[in-house]
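Because the structure is a prediction, the values reported are computed rather than measured.
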Amino acid sequence: MNTDPSSPLLLFDSGVGGLSVLAEIRRLMPDAPVIYAADTAALPYGEKTEEQIAARVPALLGRLVERYRPRLITIACNTASTIALPAVREALDLPIVGTVPAIKPAAALTRAGAIGLLGTAATIRQAYVDNLEHEFAQGKQLIRYAAPALVAAAEAKLRGETPDPAIFAEAAQGLRDRAGNHEIDTVVLACTHFPLVEAELGHALGQNVQFVHGAAGIARRVAHLTKGQEFLRKSPDSALFTGKEEDVDDLLPALRQYGIDHIDRI
Ligand code: DGL
C-alpha cells in the first residue's frame, strides 16, 4: 500500500456528482489531499451500455493510478459502481470504495413500506439493485424511476444556472405514477448527482418524503480504511476532467466551494 503522506484520495465520477461524496469526506478528513476526477467526455454514464462502462472505467482509473499514485479510490458514482466495481477491484491493487444505492438504510427508515429509488437508467436496471432489494427490502415496495434529466440539472446548477423547476416536478410525478396506490415516504437518491439538487427535489416531492443516500457512509468507510495514515497536502487539490476545457471552466467557482483549487485535463 502507498503510505506516502502526500498520496491523494482519488474520487471518481462521470461529472460533478461525486462532489456530494467529497463534501462528506472533507468533513471527516479535512487534511486528506484529494484529486477529483470526472469523465466528462463520456457524461452521462446513465445513458451508456453496460459494455461501454465496463470497458471505460477500469481503463481510465488504471491510467490515473499510474499517474497520480492515490492511496485509495472512491468511485463516487452509482452507475459505474453497480456495473464496474468488481472489474476495477480485479484490475487495481489498492483499496476501492464503491457507491451503491442506499436501499438498506431506506428500508429501515420507511414507515409506509414504500421506497422510491431515483437513479440513472443504467443503475436502476442492474442486478446489483435487484440483489439489494432482495436482501434488504423484503416485504416492502421498491419503486424505481430513471431520472436522467436530474443529472443535467445538477450539472447546470453547479455552473451557476437555475434548473427549470419542471424537471423536478416531472421526476416527482414519474415516481408517483409508478407507485400507484402506494404512498412513498422515503426516496433513495441512487445517483451521486441527485443530493446536489436535494432541496429542489424536496420541494417537488413534498415535506412528507425523506431522502437517503450513501455519501456519509462512504466517507466513514474511507476514514476507516485510511485510519492511522498520515496526510500531507503538498499542493492545492485539483480536479481532472476528460472533456473539453471550455466546457468545464465555468465549474471552477463551485469546485472552489469543495476545496478544489484548479482544473486539469486528463
Ligand atoms: N453520478 C452518476 C451516478 O451516481 C451518474 C451520472 C451520469 O453520468 O449519468 O450514477
Side-chain angles (χ1 to χ4, degrees), residues 11-25 36 38-40 43-48 53 74-83 98-107 109-110 115-126 128-129 132-133 142-159 161-176 178-179 184-219 251 254 257-258:
L11 270 90
F12 175 76
D13 182 35
S14 54
V16 296
L19 295 173
S20 61
V21 177
L22 176 57
E24 295 295 332
I25 289 179
Y36 185 83
D39 190 10
T40 47
L43 179 78
Y45 272 10
E47 303 298 302
K48 302 264 174 309
I53 291 167
T74 302
I75 303 182
C77 173
N78 289 260
T79 312
S81 296
T82 55
I83 294 171
T99 305
V100 297
I103 292 171
K104 184 179 176 186
L109 279 172
T110 179
I115 303 161
L117 185 141
L118 291 172
T120 67
T123 294
I124 69 163
R125 64 174 181 251
Q126 293 312 309
Y128 206 117
V129 179
L132 289 172
E133 177 178 3
L142 184 74
I143 296 133
R144 308 180 196 190
Y145 186 66
L150 297 180
V151 174
E155 292 280 335
K157 183 177 174 184
L158 267 75
R159 288 185 150 77
E161 296 161 25
T162 304
D164 183 353
I167 295 171
F168 307 104
E170 273 162 26
Q173 195 54 46
L175 200 52
R176 282 200 203 100
R178 296 233 151 173
I184 292 175
D185 64 353
T186 306
V187 172
V188 180
L189 299 179
C191 169
T192 51
H193 278 75
F194 299 173
L196 301 172
V197 289
E198 187 171 329
E200 292 85 343
L201 269 174
H203 192 70
L205 275 159
Q207 56 190 11
N208 294 335
V209 172
Q210 59 191 333
F211 295 109
V212 187
H213 59 82
I218 294 165
L251 284 172
Q257 290 176 21
Y258 292 85

Work out which heavy atom in [X] is nearest to a heavy atom in [Y]; give both atom names and the distance.
{"X": "I53", "Y": "T79", "result": "CD1-CG2, 3.7 Å"}
{"X": "A153", "Y": "P163", "result": "O-CG, 3.5 Å"}
{"X": "P101", "Y": "V188", "result": "C-CG1, 4.2 Å"}
{"X": "G98", "Y": "I218", "result": "O-CG1, 4.0 Å"}
{"X": "L205", "Y": "V209", "result": "O-CG2, 3.9 Å"}
{"X": "G46", "Y": "A121", "result": "O-CB, 3.7 Å"}

From [X] [atom1] over to [Y] [atom2], what is the distance, rounded to the nearest 0.5 angstrom?
{"X": "F194", "Y": "T120", "atom1": "CZ", "atom2": "OG1", "answer": "7.0 Å"}
{"X": "T74", "Y": "L11", "atom1": "OG1", "atom2": "CG", "answer": "4.5 Å"}
{"X": "E24", "Y": "L19", "atom1": "CD", "atom2": "CG", "answer": "12.5 Å"}
{"X": "L142", "Y": "I124", "atom1": "CG", "atom2": "CD1", "answer": "9.5 Å"}
{"X": "Q257", "Y": "L22", "atom1": "CD", "atom2": "CG", "answer": "12.0 Å"}

Applying side-chain contact (heavy atoms from CB on, under 4.5 Å), run through I83 and Y45 and close with a yes or a no.
CA-CA 11 Å; I83 294 171; Y45 272 10; over 6 Å; no
A side-chain contact here means heavy atoms from C-beta on lying under 4.5 Å apart; do [X] and [Y] qualify?
{"X": "D13", "Y": "Y36", "answer": "yes"}
{"X": "R144", "Y": "R178", "answer": "no"}
{"X": "L117", "Y": "E133", "answer": "no"}

Given V129 and T123, is the side-chain contact (heavy atoms from CB on, under 4.5 Å) satisfied, shown in steps?
CA-CA 8 Å; V129 179; T123 294; 4.3 Å; yes
Is R125 atom CZ crowded by more than 12 heavy atoms from other residues, nucleotides or ligands, each under 6.0 Å away?
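Enclosed: over 12 neighbouring heavy atoms sit under 6.0 Å from CZ of R125.
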NZ (K157) with more than 12 external heavy atoms under 6.0 Å:
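Yes.
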Quickly, which of L118, V212, L201 forms a side-chain contact (heavy atoms from CB on, under 4.5 Å) with V187? Name it, please.
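So, applying the side-chain contact (heavy atoms from CB on, under 4.5 Å) to V187 and each of L118, V212, L201, only L118 qualifies.
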Taking it one step at a time, do R176 and I143 satisfy side-chain contact (heavy atoms from CB on, under 4.5 Å)?
CA-CA 9 Å; R176 282 200 203 100; I143 296 133; over 6 Å; no
P195: partners by side chain to side chain contact (heavy atoms under 4.5 Å, CB included), with sequence neighbours left out
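Checked P195 against side chain to side chain contact (heavy atoms under 4.5 Å, CB included); matches are S20, L189, E198, H213.
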Taking [Y]'s backbone N and O only, do any of them form a donor-acceptor pair with [X]'s side chain (distance below 3.5 Å, no angle check)?
{"X": "T99", "Y": "I75", "answer": "yes"}
{"X": "T110", "Y": "A106", "answer": "no"}
{"X": "E200", "Y": "P165", "answer": "no"}

Go through L150 and I167 one step at a time and tell me if the side-chain contact (heavy atoms from CB on, under 4.5 Å) criterion holds.
CA-CA 7 Å; L150 297 180; I167 295 171; 3.9 Å; yes
